[in-house]
Amino acid sequence: MERCLFCGEMRGDPLSFHNLFSPDYAPGFCLSCREQLIPIDARHCCCLCGRDLSRLNRDRVVENRCSDCVKWARSGRNGLYVSNRAIYHYNPFLKEMINQFKFRGDVRLADGFAVELKRAYRHCEREQSGIFKRKPSFLLVPVPLSSERLLERGFNQADVLARQIGAPIVQALVRVRDEAKQSKKSRAERMRLRATPFRLNEKAAVRLSGHKILLIDDIYTTGATMRLASEALATARPHSIRSLTLIHG
Ligand SMILES: [Zn+2]
Ligand SMILES: [Zn+2]
């Protein structure tokens, strides 16, 4: 029996005929860890950023959208950017998991999210074409780290998550500088769009023309990163840009 990728306890999954003989019995989390990962119910989420509307004050909900997304639409800064889909709510448990993944370099944790990432990807496919096609509809663009941050961390978490999905990945963006710590800024400051820290990796970006892009990142917070990344991608003339994140924070 496999151990949980996060807490190291035995997984204790019921031994079924399938997982006994499956050579690729997927690595994953134990039941107690899985119970602390709270999925966002797609039926009750903001149709634009994927956050759970039932957890917001009513004055921050406009029909099936949240007030942040209404503000983004009014700002005229969405450009080719359409929407985000997020898998889990941010909570203290997931915060600890992400710390272990990103800051303590436990890359294997991404394997535990593979099934849900693939499921969310299929949802994005259906959302934009109504059916699931055999050939992936999207080119995945992981949100990059700066080269300094990449050197320090050794891997880009967005890239590691994107690789779980199994659709083609294009490293179309380069991050030219890091932002000051988001947590030190007010929400209004974080929603304001600065000059983009991204630029196009021209060589890779020629592949984007006319394609549907799915930006991949670990977390969607205010949506500013996605707009800034989309702005940089727009010059490569993609058809449209959506995003998929593990968490809505
Ligand atoms: Zn566990
Ligand atoms: Zn929203």
Side-chain angles (χ1 to χ4, degrees), residues 1-15 19 25-101 104 106-116 120 123-124 127 187-188 190-193 214-215 217 219-230 240-249:
M1 210 181 332
E2 290 257 355
R3 287 188 181 272
C4 171
L5 290 174
F6 181 61
C7 71
E9 291 294 317
M10 296 311 260
R11 284 199 22 215
D13 291 295
L15 199 57
N19 61 29
Y25 177 46
F29 307 122
C30 69
L31 191 60
S32 128
C33 284
R34 286 205 305 270
E35 278 172 355
Q36 295 178 77
L37 293 170
I38 313 299
I40 295 174
D41 185 337
R43 289 166 302 176
H44 305 132
C45 72
C46 169
C47 65
L48 296 174
C49 71
R51 70 152 37 109
D52 187 340
L53 294 176
S54 66
R55 293 185 174 219
L56 278 185
N57 275 340
R58 292 198 65 142
D59 61 342
R60 294 195 54 205
V61 178
V62 187
E63 290 170 18
N64 53 355
R65 287 164 295 162
C66 73
S67 54
D68 280 1
C69 287
V70 173
K71 275 185 216 149
W72 278 123
R74 280 202 201 116
S75 75
R77 300 296 290 272
N78 281 341
L80 294 174
Y81 184 70
V82 183
S83 61
N84 180 64
R85 169 149 188 90
I87 301 173
Y88 297 114
H89 286 289
Y90 199 45
N91 62 11
F93 178 79
L94 199 44
K95 186 177 180 191
E96 186 45 42
M97 237 182 186
I98 290 299
N99 277 342
Q100 184 162 323
F101 174 44
R104 297 201 287 277
D106 195 349
V107 189
R108 294 170 319 143
L109 285 182
D111 296 342
F113 296 120
V115 172
E116 289 306 322
H123 182 100
C124 295
E127 210 169 52
R187 191 167 181 88
R190 284 185 285 154
M191 271 195 80
R192 211 167 294 144
L193 277 186
L214 195 63
L215 282 161
D217 209 355
I219 187 161
Y220 180 107
T221 315
T222 61
T225 302
M226 296 308 179
R227 270 83 185 176
L228 292 166
S230 298
S240 57
I241 305 168
R242 291 169 190 260
S243 58
L244 169 61
T245 59
L246 192 62
I247 307 163
H248 197 300

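Any value given below was found using the heavy atoms of this structure, including those in side chains, with hydrogens, waters and symmetry copies removed. One-based numbering, in listed order, for ligands and for the atoms of each.
By the criterion of a separation under 2.8 Å, the protein N/O/S atoms near the Zn ion (ligand 2) amount to C46 SG, C49 SG, C66 SG, C69 SG.
Atoms CG and CD, from L53 and E63 in turn, are 11.5 Å apart once rounded to the nearest 0.5 Å. Between the CG atom in L94 and the CZ atom in F6 there is a gap of 9.0 Å [rounded to 0.5 Å].
An angle of 110° is found at the Zn ion (ligand 1) between C33 atom SG and C4 atom SG, rounded to 10°.
The environment of CZ in R104 is crowded: more than 12 heavy-atom neighbours from other residues, nucleotides or ligands sit within 6.0 Å.
In terms of modelled atom types and a separation under 3.5 Å, the side chain of N84 and the main chain of G223 share no donor-acceptor contact.
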Practice task
Under the side chain to side chain donor-acceptor pair (under 3.5 Å) rule, what do Y90 and T221 come out as? Steps first, then yes or no, please.
Solution key: CA-CA 10 Å; Y90 199 45; T221 315; over 6 Å; no

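If you look at F113 and F101, their ring centroids are not closer than 6.0 Å.
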